[in-house]
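The shown structure was predicted, so the numbers you read here are calculated from the model rather than taken from an experiment. Computed from heavy atoms alone, side chains included, the values below leave out hydrogens, waters and symmetry copies.
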Amino acid sequence: MNALLGQAWRCPRSAVLVTRRFRVKSSKPPKKPAPRSSKTASDTSIRSFNDLPADEQLRRRLNDRERAQRRTTPSEPALRQRYDEFYDLTKHRLNHLLWELGQWDPEHREYRAFGLHTQESYYQEISFFKEALKRSFHLASALGMTSRTDNPLFWNLRSAFIKGDAAGLTKELRYALQTFLMRKQFSKSTTELHLRLADLRFPYEWFPATRQLQRTIHLHVGPTNSGKTYNALKALENAKSGIYAGPLRLLAHEIYTRFTAKGKSCALITGEEQRIPEDADMFFRSCTVEMTPLNWKVDVAVIDEIQMIADEHRGWAWTQAVLGCQAKELHLCGEERVVDLIQELCARLGDKCIVHRYQRLNPLLPMEQAVGTDFKNLQKGDAVISFSRVNLHSLKAGIEEATGRKCAIVYGSLPPETRAAQAALFNDPNNEYDFLVASDAIGMGLNLEIKRVVFESAFKFDGMAHRPLTIPEVKQIGGRAGRYRTATDAVRSGKEEETSATSAFSKWGAPGFVTAMDDQDLGVIRKHLQNDAKPIAAAGILPPSHIIERFASLFSPDIPLAFVLSRLREMARLSSSFNMCSFGEHLDISDVLKEFDLSIYDRSVLLTAPVSLREKGQKDILRAFAWSIANLSGGHLLEIPEVDLEALDVDASQLDPQGQKNYLLRLEGLHKAVTLYLWLSYRYRGVFVSQKLAFHVKSLVEEKITNCLEAADYEADKQQRRREMLRRQAQSHSKKEEKLLGAEAEEAPVAESGPGLWDAEGHEEPLYREKKEVNAALPVRARRTTESLNSRVSRG
């Protein structure tokens, strides 16, 4: 079986198989059991364990291990039933995968690459793989072997299902099948070479220039609204040169505006936009953390929200910035739970670490009662938090209709100037903008004078499943209540010390408050505010492009890059201070790119592109851009038919309700395509040459999206049912995992680091959670017309 599974599988044999092998090779005949005797232990008839033959010692060890495992396995029949159901699901997904791959064909490129040159070998290998799969689940259910060491195949499949549901399980099955087919092609020396290249235990050695510096790292930790970022930015302002790196494009723009207002030359650098001062040689840089310049020596650098270093999707960017930033003073701002990890990293790097701890400037209190569905219960200074743009605009319409007062709106993908204007309207106490609706983008340090945070729901859809908010999410977002000072006043006055005059504390004379719209959600919020999140144990990393290039050079060009990445992930050796970030859509993107003649470097660049392949039409957009890169031509925006520029000519007012819904989704797809075009235009300037036109198109699309969203209205009953649906689906998802996997599902490493799923650089909120949410946000008259037409069709 070991030859069948290969070295990467390491599935242990059962006691029966192993002892049988030893018995065949043993030259001694099996001993008859000694007759029972009344002699005591002092008699010579009982020998010590070390005096027994080797095969007998092994048999006893395995029997003891099996008995111990069975004793520690809880409710064995129930556990077996769960694993049997999980096995049935896995077999179903495997059959679906084989159907997607297609039958064996002599011209099938992927089958040839993996050594299946005949139909007989295809059927034989698939049969062997199914047997190995069955064996792996038997080890889990019968012997309780579920750890990564004892049963790696089962562990990987279970972890993939927990993280990615059925789709994640299918991806892991695909890699497992490919690894199984390649097992005979990896000699011992080849495997050793793979292991050497996949040695990622010392990522700080990737930045030799930085290691020559003696840095001082100032770690500013504390809860929200404690002044930690204020003090770090003060050090940055007093420096001659420096960098600010934040998690959101909004924050980078805010610091850029702040420094510019104070007469300091500053550049704005994000993935899709770069503003470089033309009249200065030395200037500050305000950027998103992925764009942190690592080859520029500065006096001071500030890295915000350092707890995101553990995020399973973007954590690698924080790790890269901490390890590689060439700053004499490096200021890190974040939560208390990151202190131990940063101190450990500093000890390894030889950098001096100084920890500055802060206390919240005013109290934060959860309320006893929920606000309810009547918006008349809202108070001036309230911020209602939701997690999709469609719902934000729907809430805005409902609040304004119920209260007769204006409501500002802030979310991540708003144009920076629009966002700044909306924030200023809300922060000004002398106008009619009493309320704010905002996404979880405000949880990442956006400065707003909020008296009370109201969670519209304590559950969200994270792109894969419905789930409750985590402790860090609730504390980050809820902590924005009772904001002590804002940067808006600093921009107005140019003096930071004057901001306290207009602070939330002086205006309301009370602490910040946190509540929810429903009592059920308020219970979750209160519980999270009273508990602490677990300390962060490891920083996320991803292998840099030069390692991917070297690793890929060891494989045939016909081998898919997705397999190379999966193999690198599986073979990677990491120290206890680091863990591998999720490859997530990296594998999906590499599958889309496999039909194009691209270098490994180009593929590595595209792996980090802000593209969401789950959205309709995005795969075609990525293919079109990849074709332009492969051919070094055809990159003018008007020459790419997949970019739906015709959507700009549509008059939304002339569309029926269903047409308005489809048009809104069409605009969203166009916005994503143009955003990706701008991202690529900074990396392939000679190919994607229509940057100015793309910026103009982007602004037109955003204006049209805003106009469509402003037509949304609010119905309390439907929103109440939607929140109940979110709770039910989150509970259903948890019950399904528990039914299939039991309590041991907690063994899978699931990152808990910060608000939201960061699909794109700068955090883009989804336009909608699910397609039916768009229907729910249509104007009432339009929706009723649609429902009437549908009922007539169904009756007809």
Side-chain angles (χ1 to χ4, degrees), residues 220-230 232 245-251 254 288-289 303-315 318 332-339 358-366 383-387 410-412 423 436-460 462 467-484 486-487 504 511-516 521 524-536 751-758 762-763 765:
H220 304 264
V221 295
T224 53
N225 195 18
S226 60
K228 55 185 183 294
T229 306
Y230 162 77
L248 303 179
R249 189 166 52 250
L250 288 180
L251 290 179
E254 182 170 324
T288 47
V289 68
I303 302 176
D304 211 352
E305 305 296 345
I306 187 59
Q307 72 276 0
M308 290 286 290
I309 199 171
D311 186 87
E312 66 171 333
H313 300 284
R314 297 178 68 200
W318 273 262
L332 311 178
C333 307
E335 300 176 11
E336 174 73 29
R337 60 198 181 104
V338 80
V339 171
Y358 301 82
Q359 299 298 322
R360 186 176 169 87
L361 297 175
N362 57 349
L364 179 68
L365 301 175
V384 182
I385 309 301
S386 188
F387 304 106
V410 169
Y411 51 86
L436 172 73
V437 292
S439 71
D440 51 354
I442 69 167
M444 281 289 146
L446 199 59
N447 288 315
L448 295 161
E449 295 188 2
I450 299 170
K451 177 181 178 181
R452 181 174 65 172
V453 168
V454 181
F455 284 89
E456 186 257 345
S457 175
F459 299 84
K460 68 181 295 185
D462 63 6
R467 63 167 179 82
L469 299 177
T470 64
I471 293 176
E473 287 173 339
V474 171
K475 288 193 171 184
Q476 281 277 350
I477 300 169
R480 299 302 154 186
R483 190 71 180 173
Y484 190 77
T486 70
F513 296 96
V514 182
T515 186
D521 292 333
V524 177
I525 300 300
R526 289 177 58 86
K527 180 180 177 182
H528 284 357
L529 288 175
Q530 294 167 0
N531 294 328
D532 293 326
K534 296 179 181 179
I536 294 175
E752 183 186 39
S753 53
L757 178 67
W758 308 90
H763 178 72
E765 294 80 9

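- Interatomic distance, D304 CG to W318 CH2, rounded to the nearest 0.5 Å: 9.0 Å.
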ask   = Between T288 and L248, is a side chain to side chain contact (heavy atoms under 4.5 Å, CB included) present by the stated rule, with each step listed?
value = CA-CA 6 Å; T288 47; L248 303 179; over 6 Å; no
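- With sequence neighbours excluded, the residues satisfying side chain to side chain contact (heavy atoms under 4.5 Å, CB included) with A232 are H220, V302, H331, C333.
- The distance from atom CG of L365 to atom CG of N362, rounded to the nearest 0.5 Å, is 9.5 Å.
- Within the 4.5 Å cutoff, side-chain heavy atoms of M308 are placed close to those of D311.
- Inter-residue side-chain proximity for L436 and V384 is flagged as unmet; no heavy-atom pair is nearer than 4.5 Å.
- With contacts defined as side-chain heavy-atom distances shorter than 4.5 Å, the pair F455/S386 does not qualify.
- N225 and G482 make their closest contact through ND2-O, 2.6 Å (heavy atoms, listed as atom of the first residue, atom of the second, distance).
- Annotation: side chain to side chain contact (heavy atoms under 4.5 Å, CB included) contacts of P223 (sequence neighbours excluded): S226, R360.
- Inter-residue side-chain proximity for F459 and L469 is flagged as unmet; no heavy-atom pair is nearer than 4.5 Å.
- Atom CZ of residue R337 and atom CD1 of residue I471 lie 9.0 Å apart, to the nearest 0.5 angstrom.
- In this structure, CG on L332 lies 5.5 Å from CD1 on I303, to the nearest 0.5 angstrom.
- Contact check for R314 versus V289: side-chain heavy atoms found under the 4.5 Å cut-off.
- Here the OG atom belonging to S439 is positioned 8.5 Å from the CZ atom belonging to F387, to the nearest 0.5 angstrom.
- Minimum interatomic distance between P511 and P363 (heavy atoms only, all atoms of both residues): CB-O, 3.0 Å.
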query = Step by step, would you call Q476 with Q307 a side chain to side chain contact (heavy atoms under 4.5 Å, CB included)?
reply = CA-CA 11 Å; Q476 281 277 350; Q307 72 276 0; 2.8 Å; yes
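- Residues D521 and A458 come closest through the heavy atom pair CG-N, 3.5 Å.
- The shortest non-hydrogen separation linking V410 to A423 is CG2-N, 4.4 Å.
- Side chain of E473 to backbone of T470: a donor-acceptor contact under 3.5 angstrom is found.
- With sequence neighbours excluded, the residues satisfying side-chain hydrogen bond (donor to acceptor under 3.5 Å, both in side chains) with D532 are K475.
- No side-chain heavy atom of I525 sits under 4.5 Å from any side-chain heavy atom of T515.
- Considering all non-hydrogen atoms of both residues, L364 and G478 come closest at CD1-O, 3.5 Å.
- Using a 4.5 Å heavy-atom threshold, the side chains of V437 and Y411 count as separate.
- To the nearest 0.5 Å, atoms NZ (K228) and CD (Q359) are separated by 11.0 Å.
- Side-chain atoms of K460 and D440, non-hydrogen and from C-beta on, do get closer than 4.5 Å to each other.
- Using a 4.0 Å cut-off between charged nitrogen and carboxylate oxygen, R480 and E449 do not count as a salt-bridge pair.
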